[in-house]
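Structure first, commentary second.
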Protein chains: 2
Amino acid sequence: MFRAEAHLNLAFQALADPSRRAMVDRLVQGPATVSELAAPLAMSLPGVMQHLAVLEASGLVVSEKIGRTRTCRIEPKVLTQAEQWIAERRALWERRLDRLGQFLDETKDD
Amino acid sequence: MFRAEAHLNLAFQALADPSRRAMVDRLVQGPATVSELAAPLAMSLPGVMQHLAVLEASGLVVSEKIGRTRTCRIEPKVLTQAEQWIAERRALWERRLDRLGQFLDETKDD
DNA sequence: ATTATACTTAAGTGTATACTTAAGTGTTAT
DNA sequence: ATAACACTTAAGTATACACTTAAGTATAAT
């Protein structure tokens, strides 16, 4: 199995949770501290930390600790990879439909 | 919580597993029976059935049983929704970067 | 020096996932 | 009629997930 595939596992897994998507939603607006990420979530701080760990393991988010605060930000590469995986499959599916329609047109006067 | 959000949970969750992505990969080429989906996977048939159930629950795949064979095919709507969720976030993130760059340009002669 | 802040670690709990094997159902071929 | 086929159901196991509370560490403010 390839590294890219393992990354997709982690990325899609990370995006499957609504709390983590909310964290991503926040981070696309700009960097945030752990507390800022936690504020809107009805969850303990360690719970948020664990979600953050999942996001970091997937490569969707990176963070850096300065003093006593950790600042998190989006790393768009993996987001793009996940998007592209889907886009490619959708393109293949649509291409097949096109061929099918073309075939039906060509043979409709039988 | 909204229905769309629940669907995203299920869709991303479904896409997080490599066996299920392989099934989707096969189905974008065109419909397939359960056995055809199972053939390339190193797994028992009930295992494949369970993956199929996950894909159907997410709305990514639909199937129909005719005689003793069940034929599965892609349902692209949810695939598109998942793609769009990512695309929107990436767009927001890029828009923010643009504003940031613009700000830096405007203030670079200080 | 003391206290508050911002995480961080550890450990526990309950639920969900990803399989397995064994046995069963309805359909088609001989 | 019987045997093969294509699933399907049931039940069990082992691991992973999504939380929790309690206690700990390092930094910053007073």
Side-chain angles (χ1 to χ4, degrees), chain A residues 1 5-27 30-73 78 82, chain B residues 1 5-27 30-73 78 82:
Chain A
M1 191 176 296
E5 189 156 343
H7 244 146
L8 280 179
N9 294 349
L10 295 172
F12 283 130
Q13 180 72 42
L15 294 175
D17 184 276
S19 299
R20 286 192 294 261
R21 282 204 306 281
M23 292 167 76
V24 169
D25 256 343
R26 169 61 188 80
L27 290 175
T33 67
V34 174
S35 301
E36 284 166 355
L37 287 178
L41 301 175
M43 192 187 301
S44 67
L45 200 57
V48 175
M49 294 287 295
Q50 287 171 29
H51 282 305
L52 178 60
V54 172
L55 287 168
E56 293 212 56
S58 75
L60 285 165
V61 168
V62 294
S63 74
E64 185 193 8
K65 190 159 187 178
I66 298 175
R68 64 185 166 177
T69 73
R70 176 174 295 279
T71 302
C72 311
R73 59 185 166 77
V78 179
Chain B
M1 190 178 296
E5 189 157 343
H7 245 147
L8 280 179
N9 295 347
L10 295 172
F12 283 130
Q13 179 72 40
L15 294 175
D17 184 276
S19 300
R20 286 193 293 262
R21 282 203 307 280
M23 292 167 77
V24 169
D25 256 344
R26 168 60 187 80
L27 290 174
T33 67
V34 174
S35 300
E36 285 166 354
L37 287 178
L41 301 176
M43 191 188 301
S44 67
L45 200 57
V48 175
M49 294 288 293
Q50 286 171 30
H51 282 306
L52 178 59
V54 173
L55 287 168
E56 292 213 56
S58 75
L60 286 165
V61 168
V62 295
S63 73
E64 185 192 8
K65 189 161 187 176
I66 297 176
R68 64 185 168 181
T69 72
R70 177 175 296 278
T71 302
C72 312
R73 60 185 167 75
V78 179

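By convention in this document, chain letters (A, B, ...) are assigned in the order of the sequence lines, proteins followed by strands, and residues within each chain are numbered from 1.
- Rounded to whole Å, atom P of dA26(D) lies 18 Å from atom CD1 of Ile66(A).
- Between the CD atom of Glu64(A) and the C1' atom of dT27(D) there is a distance of 16 Å, rounded to whole Å.
- In plain terms, the two heavy atoms of Arg70(A) and Ser63(A) that are nearest each other are NH1-OG, 2.9 Å.
- Val61(A) is not listed as a side-chain neighbour of Met23(A), based on a closest heavy-atom distance of 4.5 Å or more.
- Contact annotation: Thr33(B) side-chain N/O to dC7(D) OP1/OP2 distance is under 4.0 Å.
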Run the side-chain donor-acceptor check on residues 35-49 of chain B: report pairs under 3.5 Å with partners two or more places apart or on a different chain.
unit_1	atom_1	unit_2	atom_2	d
Glu36(B)	OE1	Thr33(B)	N	3.0
Ser44(B)	OG	Gly47(B)	N	3.3

Tabulate protein N/O versus nucleotide N/O from nucleotides 2-4 of chain C, keeping only pairs under 3.5 Å, one per line.
none

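- Minimum heavy-atom separation, Asp17(A) to Asn9(B): C-OD1, 4.5 Å.
- When all heavy atoms are compared, the tightest approach of Leu10(A) to Ser58(A) is O-CB, 3.5 Å.
- Taking atom CZ of residue Arg70(A) and atom P of nucleotide dT27(D), one finds them 12 Å apart after rounding to whole Å.
- Distance, Glu36(A) CD to dT5(C) P: 16 Å, rounded to whole Å.
- Few gaps surround CZ on Arg26(A); more than 12 heavy atoms of other groups in view lie less than 6.0 Å from it.
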Scoring nucleotides 17-24 of chain C by protein non-hydrogen atoms under 4.0 Å (B base, S sugar-phosphate only, - none) yields -SBBBB--

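- In this structure, Met49(A) places its CE atom 15 Å from C1' of dA18(D), rounding to the nearest Å.
- For dT8(D), one of the phosphate oxygens OP1 or OP2 lies less than 4.0 angstrom from a side-chain nitrogen or oxygen of Lys65(B).
- Look at CG on Asn9(A): it is 14 Å from P on dA16(D), rounded to the nearest Å.
- By the 4.5 Å heavy-atom criterion applied to side chains, Leu27(A) and Arg73(A) are not counted as neighbours.
- Across all strands shown, dT9(C) is found opposite dA22(D) as a Watson-Crick or G-U wobble partner, with both distances under 3.5 Å.
- Taking atom CZ of residue Phe12(B) and atom P of nucleotide dA16(C), one finds them 21 Å apart after rounding to whole Å.
- Listed here is the closest heavy atom pair of Thr71(B) and Pro31(B): CG2-CB, 3.8 Å.
- Of all nucleotides present, only dA16(C) satisfies the Watson-Crick or G-U wobble test against dT15(D), with each distance under 3.5 Å.
- The shortest heavy-atom contact between Val78(A) and Ala11(A) is CG1-CB, 3.5 Å.
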